[in-house]
Amino acid sequence: MDIPNSEFLELLSKSALVIPPEYVSKILETKGFYSPDPTCSKLVAAAVQQFLTETLNEVLDIIPGKPVTSLSSKNKDQRLCLTMPDLAGALETMGVKVEKPLYYADKPLGNQ
């Protein structure tokens, strides 16, 4: 879908984002990127929101084949529990590999 830049910027300014652009701007500043234009942080926030939406939709596609783990004992509350293996599987289909980090001990175990 090709839309002119002016229409895209207008849509971006009117959109309600889940992740506040101010928060994104602060994170970008801590990583060494600063832009006085608030549209830049709003664009990054929209991209992050889209990535999270696609990832969670992929997880929800994976979950129906597995038994559902409910977070509460009440039957009327049907929230799902997002497990790390489910998230890792969804991210792997999107090209992001997630592995459990190696464990490093400060001191060797035992009486050495």
Side-chain angles (χ1 to χ4, degrees):
M1 176 170 119
D2 288 335
I3 59 173
N5 289 341
S6 58
E7 287 183 35
F8 176 73
L9 292 174
E10 184 179 332
L11 284 172
L12 186 62
S13 67
K14 291 180 181 179
S15 64
L17 299 171
V18 175
I19 303 169
E22 297 82 14
Y23 180 69
V24 172
S25 178
K26 187 68 174 172
I27 291 174
L28 290 174
E29 286 177 18
T30 61
K31 298 302 175 188
F33 179 82
Y34 174 75
S35 175
D37 187 9
T39 307
C40 183
S41 60
K42 199 157 191 175
L43 181 62
V44 172
V48 170
Q49 180 173 329
Q50 180 65 29
F51 178 76
L52 290 175
T53 302
E54 289 175 5
T55 303
L56 291 174
N57 283 334
E58 185 70 30
V59 169
L60 289 175
D61 288 343
I62 292 171
I63 287 178
K66 295 186 173 192
V68 175
T69 305
S70 180
L71 291 177
S72 70
S73 59
K74 298 177 185 176
N75 289 336
K76 63 182 178 179
D77 191 8
Q78 293 296 318
R79 294 184 292 173
L80 299 176
C81 180
L82 178 63
T83 63
M84 193 61 197
D86 293 336
L87 181 59
L91 287 172
E92 192 169 332
T93 63
M94 300 176 80
V96 179
K97 187 169 181 169
V98 177
E99 292 181 353
K100 186 175 180 180
L102 296 173
Y103 176 76
Y104 294 101
D106 292 335
K107 298 178 184 176
L109 296 175
N111 295 334
Q112 296 178 347

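Throughout, residue positions are numbered sequentially from 1 according to the sequence presented.
- A 4.5 Å side-chain heavy-atom check between Leu43 and Phe8 finds at least one atom pair inside the cut-off.
- A salt bridge links Lys14 to Glu10: one of the charged nitrogens lies within less than 4.0 Å of a carboxylate oxygen.
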### Query
What do the steps show when you test Leu52 against Val18 for side chain to side chain contact (heavy atoms under 4.5 Å, CB included), and what is the final call?
CA-CA 10 Å; Leu52 290 175; Val18 175; over 6 Å; no
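- Checked options Leu91, Val59, Leu60; the residue passing with Asp86 is Val59 (criterion: side-chain contact (heavy atoms from CB on, under 4.5 Å)).
- Follow the hydrophobic side-chain contacts under 4.5 Å out from Met94 and you never reach Val48; the two are in separate clusters.
- Partners of Thr53 according to the side-chain hydrogen bond (donor to acceptor under 3.5 Å, both in side chains) rule, which considers only residues two or more places apart in sequence or in another chain, do not exist here.
- Tracing side-chain contacts under 4.5 Å through hydrophobic residues (I, L, V, M, F, W, Y), one reaches Leu56 starting from Val98; they form part of the same cluster.
- Cluster membership check: Ile19 shares its hydrophobic cluster with Phe33, using side-chain heavy-atom separations under 4.5 Å among Ile, Leu, Val, Met, Phe, Trp and Tyr.
- No continuous path of hydrophobic side-chain contacts links Phe51 to Leu17 [ILVMFWY only; heavy atoms under 4.5 Å].
- Of the possible donor and acceptor atoms, none in the side chain of Ser25 sits under 3.5 Å from a partner among the backbone N and O of Pro21.
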### Task
Give the C-alpha distance, both sets of side-chain angles, the deciding distance and a yes or no for side chain to side chain donor-acceptor pair (under 3.5 Å) between Ser35 and Asp37.
CA-CA 5 Å; Ser35 175; Asp37 187 9; 5.4 Å; no
### Criterion side chain to side chain contact (heavy atoms under 4.5 Å, CB included) on Glu54 and Glu58, from CA distance to verdict
CA-CA 6 Å; Glu54 289 175 5; Glu58 185 70 30; over 6 Å; no
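- Under the 4.5 Å side-chain contact rule for hydrophobic residues, Tyr34 and Ile27 do not share a cluster.
- Within the model, atoms CD of Gln50 and OG1 of Thr55 stand 9.5 Å from one another, a figure rounded to the nearest 0.5 Å.
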### Task
Take Val44 and Leu28 through the test side chain to side chain contact (heavy atoms under 4.5 Å, CB included) and record every step on the way to the result.
CA-CA 9 Å; Val44 172; Leu28 290 174; 4.2 Å; yes
### Query
Please walk me through it: do Thr39 and Leu9 pass side chain to side chain contact (heavy atoms under 4.5 Å, CB included)?
CA-CA 8 Å; Thr39 307; Leu9 292 174; 3.6 Å; yes
